[in-house]
Structure formats: structure tokens, C-alpha cells
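Below you'll find the structure, written out as C-alpha cells, and then a few comments.
In this text, all values refer to a predicted model and were calculated from it rather than measured experimentally. Throughout, a chain's letter reflects where its sequence line sits, starting with A, and its residues are numbered from 1.
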Protein chains: 4
Amino acid sequence: MNRAITASDGKAPRTERGRRTLRGILDAAAIEFGERGFHDASISGITRRAGVALGSFYTYFDSKDAVFRALVRDMSDQVRDHVAPAVRAAPDGIAAERAGLEQFIGFVRQHKEIYRIIDESEFVDPDSFRLHYATTAERITRRLAAAAAQGDLRADVSEVHAWAVMGMNVFLGLRYGVWDDDRGVEDVADTVAEMLRSGLGR
Amino acid sequence: MNRAITASDGKAPRTERGRRTLRGILDAAAIEFGERGFHDASISGITRRAGVALGSFYTYFDSKDAVFRALVRDMSDQVRDHVAPAVRAAPDGIAAERAGLEQFIGFVRQHKEIYRIIDESEFVDPDSFRLHYATTAERITRRLAAAAAQGDLRADVSEVHAWAVMGMNVFLGLRYGVWDDDRGVEDVADTVAEMLRSGLGR
Amino acid sequence: MNRAITASDGKAPRTERGRRTLRGILDAAAIEFGERGFHDASISGITRRAGVALGSFYTYFDSKDAVFRALVRDMSDQVRDHVAPAVRAAPDGIAAERAGLEQFIGFVRQHKEIYRIIDESEFVDPDSFRLHYATTAERITRRLAAAAAQGDLRADVSEVHAWAVMGMNVFLGLRYGVWDDDRGVEDVADTVAEMLRSGLGR
Amino acid sequence: MNRAITASDGKAPRTERGRRTLRGILDAAAIEFGERGFHDASISGITRRAGVALGSFYTYFDSKDAVFRALVRDMSDQVRDHVAPAVRAAPDGIAAERAGLEQFIGFVRQHKEIYRIIDESEFVDPDSFRLHYATTAERITRRLAAAAAQGDLRADVSEVHAWAVMGMNVFLGLRYGVWDDDRGVEDVADTVAEMLRSGLGR
DNA sequence: AATGAATGAGAGTTCATTCAT
DNA sequence: TATGAATGAACTCTCATTCAT
């Protein structure tokens with residue numbers, strides 16, 4: 001669950017002090033990228049926040065792209081880990097998706113920078129972007145398939161449904177997690193769960 | 001329907017020659033931004049493609065941001081106009097959403113640069129980004145409400161449903177429109193329509 | 001004879017002003033590289049000397065390496081052009097080599113930066129270095145062969161002799177042209193001519 | 001004849017372990033400088049090759065320039081020592097020069113990095129460069145004078161001849177030792193010896 | 001003696017924007 | 001309106017050298 005701290009090229013710090021510095025740089029990077037976006041962010045901004053010299057950055061990362069990549073990976077893992085327990089604990093397939101959305105919105109409210117980081121990767125490092133969403137979609141696909149096998153959901157659930165669910169979650173997270181807190185998370189989650197259960201038809 | 005061609009500050013070219021140059025710059029910009037993304041795109045790349053001198057760019061636009069903004073607006077309008085007729089012609093609420101998705105995926109297959117432009121605006125000009133999605137969500141909200149009033153859909157449809165639908169569309173467009181053409185548009189649209197009609201429950 | 005002024009990629013200036021600027025940058029580069037050597041030379045040093053803005057450099061050259069390359073080529077052509085007339089005018093083969101050396105030392109006394117530029121290319125851009133010396137050696141080889149055909153020189157002159165002659169010239173130029181002016185050029189040239197004529201044997 | 005291993009400031013290591021480390025660093029430096037040239041070479045490259053920590057370098061040398069200087073000195077001594085015996089054993093003056101060239105080309109074929117090191121010193125540490133060539137020229141001058149006194153060579157041999165001979169050797173070494181092995185060393189040496197004996201005249 | 005993290009000056013390069021013609 | 005040269009701020013990355021352990 002606790003991701004090993006890794007820099008570029010497996011440059012793993014050999015001393016305790018090194019480990020602390022690396023962690024500090026990563027945290028500072030999350031803030032810098034989150035606040036200013038990839039292109040307006042600067043390495044010197046990161047090291048200033050981290051309280052280390054400019055050059056120290058390059059002791060741990062090969063380039064600006066490299067930290068960003070590490071960060072996308074880090075955030076991607078973090079959401080997954082944050083959402084997983086509640087999903088696993090859910091009594092049935094619909095409840096699992098409801099829990100997934102609820103946890104997700106809750107997470108983005110705590111980490112509003114996540115969109116700035118994961119979504120911007122589409123433009124900075126498309127591979128990371130694709131990897132994140134492809135992996136997430138697969139996870140949802142498996143989840144739906146298992147629920148269908150369980151008899152919780154219709155038998156024909158597919159990748160298309162998974163992408164639909166993921167798309168809903170991402171946009172609802174943006175609207176009700178990042179943009180505005182005006183609507184209760186539970187409320188949103190209930191609404192969606194009901195829609196998933198029986199559709200929009202009358 | 002056909003937007004007047006406008007540059008920054010509503011600088012509308014007075015001569016025919018000016019109009020041609022402006023159109024050329026805008027088209028070139030769409031290609032340049034689509035291929036390289038906002039930050040890697042360059043004004044000189046745009047003018048080179050347009051076949052005009054670098055300085056001529058500034059006769060029509062105040063800045064790089066300005067063209068980008070104009071382009072986001074342009075693409076936003078284009079999708080809307082491309083999707084609208086089929087939606088209007090649909091016999092009922094579910095069919096309308098089905099048509100919307102179908103048309104949308106069809107559109108992005110023709111204009112794969114749209115994500116590079118509209119989605120990147122989140123990082124370049126957040127106002128344009130918000131405007132595009134807020135406007136789109138409102139349109140869908142109105143559509144759903146009308147269908148509910150018509151008796152086509154459940155009575156409690158809301159903004160939440162609209163964002164859910166929009167999110168689905170955007171991600172399915174990305175997956176089956178931009179990334180891969182491996183699945184028929186009709187197939188995807190049917191699957192989603194069925195899900196919207198009666199949910200995922202058994 | 002008069003080399004066309006060329007920048008990188010055939011970026012030929014279109015206006016008269018552009019031509020002046022390019023010439024100014026090249027001249028400044030010769031001074032900067034000559035005084036400080038390739039690595040200690042800086043682009044900003046060049047533009048400062050040329051009296052133009054830093055960025056203007058990149059209007060004409062793609063990189064620091066590129067100017068250097070252009071300069072090596074330029075100097076190489078200059079020596080050749082400076083030496084040629086006297087060589088051509090010489091009455092016989094030995095006299096031609098004598099004239100070549102004399103002119104060469106004279107030239108390096110006027111352009112002491114030439115070693116700093118051509119010889120440093122061995123480390124900066126080996127291709128330019130090789131090209132310069134391979135071309136020069138070929139020229140000497142042809143010269144010797146023609147003189148042999150003429151009956152001026154022994155019949156078996158070869159590439160080996162050409163390289164030997166070139167090496168002598170280069171080192172004598174360094175010693176009596178760049179390092180010290182303590183010995184008359186004619187004196188040196190006479191000594192070498194006599195040695196070439198009849199060797200060191202008694 | 002075998003130079004004591006010395007670092008900067010005559011810092012001679014006290015322990016056996018220290019001596020091994022120093023030797024390792026010097027050898028690694030020869031390879032690093034030979035392969036990448038002075039400026040592209042890096043201290044970390046040297047220590048990596050030597051298998052010691054970065055900081056250890058500074059236990060033995062004060063700076064990058066210092067190792068380089070030590071190396072130039074080292075190589076200069078090595079050529080001298082490699083060439084000397086055959087020269088001394090030669091029966092007469094021409095034969096001595098022939099032997100010198102032959103040995104020199106042989107040496108550079110084994111140590112192609114020598115040009116990268118000695119010649120680059122012109123740009124890195126001009127004093128070392130001058131010292132090397134001035135010393136070598138003096139040695140040749142003495143050799144020629146002795147041979148003249150012996151009656152082997154013409155009586156008027158001078159410093160000019162010595163520089164001419166040195167220049168030939170250096171360039172023939174570059175051409176037939178470093179660039180290409182296409183011509184036999186003996187062949188080249190014979191050709192030059194014959195030229196030295198009786199010149200190029202008919 | 002040895003280690004390896006930390007430092008920070010310095011340089012090359014990019015490119016949006018301005019301006020003289 | 002069009003042209004293209006000129007500008008210079010800004011940024012990433014390198015690496016010799018220092019220092020605490």
C-alpha cells in the first residue's frame with residue numbers, strides 16, 4: 001500500500017537524509033504543479049518550496065518531465081488505494097460503484113490538484129495519461145464483470161459500461177469535488193447509484 | 001449558425017484579403033495546436049503553415065492565448081452545431097441522448113484534435129474550459145428536463161444526471177473516437193442507450 | 001574567391017540589414033573564439049561584441065557548434081585563398097612549397113586566432129577538423145604530383161610526403177608565426193626549401 | 001625512469017591503499033579524457049570508472065585541471081621513454097630520425113588517446129602544451145646537432161629543422177597512427193627517411 | 001581516507017512579442 | 001496590411017567543488 005519512494009532511474013537515496021530530501025522534493029512538486037500547472041511550474045519553484053538548492057533536484061530526477069511522471073504515478077496509486085477499501089466492502093455491484101464514486105469525490109476534495117496533474121499528463125506525457133485511464137477502466141471492467149457473475153448486474157456488462165462509469169465519475173468529481181462543494185457527496189452518489197440501478201427511463 | 005470570423009477585440013478584417021488571411025491563420029492554428037499541444041505549438045509554426053509572415057499574426061490576434069481562446073470557442077460551437085440536428089430529430093429522450101453520443105463520437109473521429117484543444121484549455125485558459133463544459137451541461141440539463149416533462153424520462157432528472165451523461169460522452173469519445181476505431185459507433189451508442197433506459201441492474 | 005556569407009541551414013538573410021548583422025556576428029565570433037577558446041567563449045560574449053541582442057544570434061545560427069563550424073570553414077577557406085596565388089606563381093615545385101610556407105606563416109601572424117579555431121575543432125567538431133586537413137593534404141598531394149610530372153621533383157612523391165610537408169608547415173607556423181616573431185619568415189622559408197630540395201644528409 | 005606517482009601539490013599517498021586508489025584514478029582519467037575530451041569528460045565519469053566515490057577524487061587532485069595536467073605530463077614522459085631506446089641505438093642521424101618516427105607511430109597506435117590529451121592541452125592548459133613541444137623540439141635539436149657534429153648530417157641543422165621534423169612526425173602519427181592503419185609503419189618511416197636523407201628534388 | 005549528498009553559478013536555447021520598413 | 005529582423009526574459013540542465021558524516 002505504501003509506495004516505495006522512487007526517483008528517476010531507480011536513483012534510490014542511500015542515506016536517510018537523502019530519503020528525506022527526495023520526499024520533500026516530491027511533495028513540493030505536487031504543490032507546485034498543482035498550483036501552477038506543468039508549464040508554469042518551474043524547477044526552481046519546486047526546490048524553493050522544498051528548501052533545497054536548485055541542483056539538488058537533479059540528484060533525484062533527470063528532468064522536469066521525470067518528476068511529473070513520478071507524480072502522476074503517485075497520484076494514480078493514491079486514488080486507487082483510497083477508493084479500494086470501500087469498494088471491496090460494498091455488499092453488491094451497484095453499491096460498489098456508488099462507494100467508488102463517493103470515495104473518489106471525497107478524495108478529490110482533499111486533493112484538488114489531482115486534475116491539474118493527472119489530466120495535464122494528457123499533454124505532457126500521454127503515455128502516463130493513457131496508462132492511468134486504461135488501468136482504471138480495466139479495474140472497473142473487472143469489477144462489473146465480477147458483479148455480473150455474482151448476479152448483481154446484468155450479464156452483458158462490458159468495457160463500454162466501464163468507460164461510461166469512469167467518465168461519469170471523473171466529471172462528477174470535477175463538478176462536485178473540485179469546482180464546487182455545494183452538493184453533498186452522498187447526495188450525488190445516491191443519485192448516480194439510482195441511475196445505475198434502474199436507468200433514466202420512467 | 002455560421003459564426004462570423006472574429007479575431008481579438010472583435011477586430012474584423014475590412015478587406016476580403018484580410019478575411020482570407022485570418023481564416024488561414026485560424027485553420028493553421030487548429031492544426032498546429034492539435035498536433036503539438038498549446039505549449040509546443042508556436043506562433044511561427046502557425047504562420048509558417050498559414051504561409052504568412054510572423055508579424056502578420058499580430059494583425060489579427062493579440063497573443064498566443066487569444067488565438068487559442070478563439071479556437072476553443074470555435075470548436076465548442078462546431079460540436080454543438082454538429083450534434084444538435086440529430087438530437088432535435090430524435091423521437092424521445094433516450095433516443096436523443098443516444099443520438100447525441102453517436103454524433104459526438106462521429107465528430108471526434110473527424111476532428112481528433114478537439115481534445116487537444118478543448119481539454120487543454122483547462123490548463124491554458126480555465127475560463128474557456130469552464131464555459132464550454134458549463135454550457136454543455138446546461139444544454140443537457142434542459143434536454144433532460146424537457147424529456148421528463150414530456151414523460152419520456154423519470155421526473156427527478158437533474159444537473160447531476162447531466163454531468164454524468166456528459167462525462168460518459170467525453171470519455172467514450174476519447175476511447176472509441178480518438179484512441180481507437182475498433183468498435184462501431186452505433187454499437188457503443190446502443191449499449192449506452194440501453195444502460196440509460198434501464199440501468200445496469202438485472 | 002569571396003565566400004558567400006552563410007549561416008546555419010542556409011538561413012540567408014533577406015534584407016541588407018540582416019546581412020550586416022550576420023557579418024557582425026561572424027566577426028565577433030572569430031574574436032571571441034580566438035580569445036577565449038570554444039568552451040570559454042559564450043554566445044552572450046559574441047552578441048555583446050557584435051552589439052546585438054542575445055536572441056539575434058539564433059536568427060542566424062542554430063547553436064554554438066554551428067557558428068564554430070561556419071568559422072572553421074571560413075578560416076580554412078581564407079588560408080587557402082591567401083596562400084594560393086603565391087604558390088601558383090612559383091617557378092617550380094620546391095619554390096611552390098617555399099611560397100606556401102612563407103604565405104602561411106605570414107597569414108597566421110595576422111590571424112593568430114586561427115590555431116585556436118581550426119585546431120580546437122579537433123575537439124569540438126572532428127568532422128570539420130578532418131575535412132580541413134584531409135582537403136589540405138589532397139591539395140598538397142596534387143601539387144607535388146604535378147611538380148613531379150613537370151620533372152621538378154622526384155617521381156615517387158606521395159601522400160606521405162604531403163602529410164609531412166603539411167605537418168612541417170603547421171608546426172613552423174605555430175612556432176614562428178604564433179608563438180614568436182623572432183625569426184624572419186624568409187629565413188625560415190629558405191631553410192625549409194633547402195631541406196626539401198636536398199635533404200638533411202651531408 | 002619510472003616516474004613516482006604524484007597527485008596535486010606532490011600529495012604522495014602514504015598508504016599502499018592510497019597509492020592504489022591514486023593509480024586507479026589516473027588510469028580512469030586517461031580513458032575518460034581520451035574518450036570524451038577534456039570538456040565532455042567529468043569528474044564523476046572518472047570516479048565511476050575508477051570505482052571510487054566522487055569525493056575521493058579531491059583527496060588526490062585539487063581540480064579537474066590538475067589531473068589533466070598530471071596526465072599530459074605522464075603521456076609526454078611515456079612517449080619520450082618509448083621512443084628513446086630505438087633512437088639511441090640508431091647507427092646514424094637519419095636512422096635515428098627514422099627510428100623516432102617509427103616508434104612514435106607505433107606508440108600512438110597503442111595509445112590513440114594521446115592526441116586527445118596532449119593536443120587538447122593547447123586549449124586547457126597552454127603551459128603544459130608549450131612545455132611538451134618546446135621540450136621535444138629541444139631534444140630533437142640536440143639530436144640533430146650531435147649527428148651533424150658526428151658528420152652524419154649537414155652542418156647547419158638548426159631549431160627550424162627540429163620543428164619541421166617534429167611537425168612531420170605529429171601529423172604522420174595522426175594520419176597513419178590514429179586515423180588509419182592502412183599503411184605500414186615501416187613503409188612510412190622509410191619514405192620519410194629517404195626524404196630526410198636527400199630531399200624531394202630530383 | 002572515503003563517501004555521496006548538497007550547492008549554485010553559469011550557459012545554451014526558446015519564442016512570444018515588438019518594431020522599423 | 002505585410003514583412004521579417006530584433007529583442008530579452010525566462011527556464012532547464014550541467015557539473016566542478018564543498019562538506020558533513
Side-chain angles (χ1 to χ4, degrees), chain A residues 11 13-22 39-47 51-66, chain B residues 13-15 17-18 20-22 39-47 51-67, chain C residues 11 13-22 39-47 51-66, chain D residues 11 13-15 17-18 20-22 39-47 52-67:
Chain A
K11 283 180 183 172
R14 299 222 153 102
T15 69
E16 179 50 31
R17 186 189 181 197
R19 237 147 6 232
R20 271 203 315 277
T21 305
L22 171 53
H39 283 96
D40 288 343
S42 69
I43 306 294
S44 71
I46 293 173
T47 52
V52 299
L54 178 56
S56 297
F57 175 88
Y58 291 92
T59 306
Y60 299 98
F61 295 98
D62 289 338
S63 65
K64 189 182 180 184
D65 280 76
Chain B
R14 314 227 157 236
T15 69
R17 185 191 181 194
R20 271 204 316 277
T21 306
L22 172 53
H39 282 97
D40 288 343
S42 67
I43 306 296
S44 78
I46 293 173
T47 53
V52 300
L54 178 54
S56 299
F57 175 88
Y58 290 89
T59 306
Y60 299 97
F61 294 97
D62 289 339
S63 67
K64 189 183 181 185
D65 281 75
V67 226
Chain C
K11 283 180 183 173
R14 301 226 150 98
T15 69
E16 179 48 33
R17 187 188 181 196
R19 244 162 341 250
R20 271 202 316 278
T21 305
L22 172 52
H39 282 97
D40 288 342
S42 69
I43 306 294
S44 71
I46 293 173
T47 53
V52 299
L54 178 54
S56 297
F57 175 88
Y58 291 92
T59 305
Y60 299 98
F61 295 98
D62 288 338
S63 65
K64 190 182 180 183
D65 280 76
Chain D
K11 285 178 185 170
R14 316 228 155 237
T15 69
R17 183 192 183 193
R20 271 205 315 279
T21 305
L22 172 53
H39 282 98
D40 288 343
S42 67
I43 306 295
S44 79
I46 294 173
T47 53
V52 300
L54 178 54
S56 298
F57 175 88
Y58 290 90
T59 304
Y60 299 96
F61 294 97
D62 289 339
S63 66
K64 189 182 180 182
D65 281 75
V67 226

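Sequence order on DNA chain F of the closest nucleotides to C/G51 and B/G51 puts B/G51 first from the 5' end. The residue among A/R17 and B/G55 whose nearest nucleotide of DNA chain E is located toward the 5' end is A/R17. The 5' end of DNA chain E is approached more closely, in terms of each residue's nearest nucleotide, by C/S44 than by the other of C/S44 and C/S56. Comparing D/D40 and C/V52 by the nucleotide of DNA chain F whose heavy atom lies nearest to each, the residue mapping closer to the 5' end is C/V52.
Taking the side chain as every heavy atom from C-beta outward, B/I43 and B/F61 never approach each other to under 4.5 Å.
Following rounding to the nearest Å, C/Y58 (OH) and F/dC11 (C1') show an atom-to-atom distance of 13 Å. In this structure, CZ of C/R20 is placed 17 Å from P of F/dG4, rounded to the nearest angstrom. Between C/H39 atom NE2 and F/dT14 atom C1' the separation is 12 Å, expressed in whole Å. We find that CG of D/D65 is positioned 15 Å from P of F/dC15, with the value rounded to whole Å.
Separating the CZ atom in C/R19 from the CD atom in C/E16 is a distance of 5.0 Å, to the nearest 0.5 Å. From C/Y60, atom OH reaches atom CG of C/L22 across 6.5 Å, with rounding to the nearest 0.5 Å.
C/T15 comes within contact range of the sugar-phosphate backbone alone, with a heavy-atom separation under 4.0 Å but no base atom that close. As judged by a 4.0 angstrom heavy-atom cut-off over every strand, C/S42 is placed among residues touching the sugar-phosphate backbone only. Across all strands shown, D/G18 has no heavy atoms under 4.0 Å from either base or sugar-phosphate atoms. Across all strands shown, A/I43 has heavy atoms under 4.0 Å from sugar-phosphate atoms exclusively, and none from any base.
Looking at every heavy atom in both residues, A/P13 comes nearest to A/G18 through CB-C, 3.5 Å. In terms of heavy atoms, A/H39 sits closest to B/H39 at ND1-ND1, 2.9 Å. Residue C/D62 comes nearest to C/A66 through the heavy atom pair N-CB, 4.0 Å, listed as atom of the first residue, atom of the second, then distance.
Proximity note for C/L54 (side chain, C-beta onward) versus F/dG4, F/dA10, F/dT7: the nearest is F/dA10.
C/T15 pairs by the side chain to side chain donor-acceptor pair (under 3.5 Å) definition with nothing, not counting sequence neighbours.
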Show me the dot-bracket string of DNA chain F, counting Watson-Crick or G-U pairs under 3.5 Å, with | for pairs to another strand and [ ] for crossing ones. .||||||||||||||||||||

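Protein chain D contacts DNA chain E over a range whose 5' and 3' limits, counting nucleotides with an atom under 4.0 angstrom from a non-hydrogen atom, are E/dA1 to E/dA5.
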